[in-house]
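These numbers come from a predicted model, not from an experiment. These values consider heavy atoms only, across backbone and side chains, with no hydrogens, waters or symmetry-generated copies.
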Amino acid sequence: MKHYFIGALKNLLKKSDKSINQIERELGYCRNSLHNYKNGTGPSGLRLIEISNYFGVTPEYLIGKDSQIYSLSLKSFFNQLSTKQKCEMLILCEDWIKQ
């Protein structure tokens with residue numbers, strides 16, 4: 001689980017186009033909290049839930065029990081977007097409304 005978790009976390013970080021420090025701040029974690037998982041430790045159950053909610057994935061995905069990413073909510077999906085992606089989404093929605 002521990003080794004799979006850091007791989008899944010790195011994958012989600014890459015997709016989010018955010019730095020690990022930015023995500024730590026957004027989650028209210030101490031600096032290097034997520035980075036420390038590279039040392040082989042796994043997250044607590046509560047932290048696993050918080051991280052999965054943030055990225056909009058299931059906890060099972062993060063620990064390697066499920067290979068598919070399931071979106072949990074639109075808010076979680078939106079939170080994982082970069083600022084640029086959020087702006088693009090806004091423009092797209094405005095275009096849809098005008099139609």
Side-chain angles (χ1 to χ4, degrees):
M1 174 202 121
K2 295 173 187 174
H3 296 292
Y4 188 87
F5 174 77
I6 194 62
L9 182 59
K10 285 179 182 180
N11 182 40
L12 292 168
L13 285 167
K14 186 176 180 179
K15 287 182 179 184
S16 73
D17 199 29
K18 295 182 180 181
S19 72
I20 197 164
N21 290 334
Q22 183 180 358
I23 291 173
E24 288 169 337
R25 283 191 306 274
E26 290 177 9
L27 288 170
Y29 295 166
C30 297
R31 187 171 171 87
N32 292 326
S33 295
L34 297 177
H35 185 76
N36 289 336
Y37 293 128
K38 291 181 180 181
N39 299 331
T41 60
S44 67
L46 177 60
R47 185 151 291 180
L48 182 69
I49 300 289
E50 291 171 345
I51 294 167
S52 68
N53 285 339
Y54 177 85
F55 285 108
V57 300
T58 63
E60 291 83 3
Y61 169 77
L62 287 174
I63 61 171
K65 298 291 182 186
D66 194 342
S67 62
Q68 293 185 352
I69 298 176
Y70 296 105
S71 179
L72 298 177
S73 71
L74 184 57
K75 182 179 179 181
S76 296
F77 171 76
F78 191 76
N79 283 338
Q80 73 180 353
L81 297 176
S82 68
T83 302
K84 180 182 176 187
Q85 290 170 321
K86 288 176 182 176
C87 289
E88 290 170 355
M89 179 74 76
L90 177 62
I91 292 167
L92 182 62
C93 290
E94 287 175 343
D95 288 344
W96 286 342
I97 292 171
K98 289 175 186 176
Q99 294 178 4

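The backbone N or O of Arg31 sits nowhere less than 3.5 Å from a side-chain atom of Glu24 that would complete a donor-acceptor pair. Checked by atom type and distance alone, the side chain of Asn11 never pairs as donor or acceptor with a backbone atom of Gly7 at under 3.5 Å.
For Leu62 against Tyr4, the heavy-atom pair with the smallest separation is O-CD2, 3.5 Å.
Applying the side chain to side chain contact (heavy atoms under 4.5 Å, CB included) rule to Gln22 yields the partners Lys18, Ser19, Arg25, Glu26; only residues at least two apart in sequence or on another chain are considered.
Contact of the Ile51 side chain with the Ile23 side chain is not registered, since no non-hydrogen atoms from C-beta on lie closer than 4.5 Å. Considering only heavy atoms from C-beta on, Tyr37 comes within 4.5 Å of Pro43 through its side chain.
If you take OG on Ser16 and CG on Leu81, they are separated by 9.0 Å, rounding to the nearest 0.5 Å. Note that OG1 of Thr58 and CD of Glu60 are 4.5 Å apart. Values are rounded to the nearest 0.5 Å.
The salt bridge (charged side-chain N to carboxylate O under 4.0 Å, His left out) analysis of residues 89-99, with sequence neighbours excluded, yields no pairs.
By the 6.0 Å and 45° rule, Arg47 stacks over the aromatic ring of Tyr29.
Only one option out of Ile20, Leu9, Asn21 pairs with His35 in a side chain to side chain contact (heavy atoms under 4.5 Å, CB included); it is Ile20.
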Identify all side-chain donor-acceptor contacts of residues 82-93 below 3.5 Å with residues at least two apart in sequence or on another chain.
| residue | atom | partner | partner atom | Å |
| --- | --- | --- | --- | --- |
| Ser82 | OG | Gln85 | N | 3.2 |
| Ser82 | OG | Gln85 | OE1 | 3.3 |
| Gln85 | OE1 | Ser82 | N | 2.8 |

Report task. Please test Leu12 against Tyr54 for side-chain contact (heavy atoms from CB on, under 4.5 Å), starting from the C-alpha separation and ending with a verdict. Result -> CA-CA 10 Å; Leu12 292 168; Tyr54 177 85; over 6 Å; no

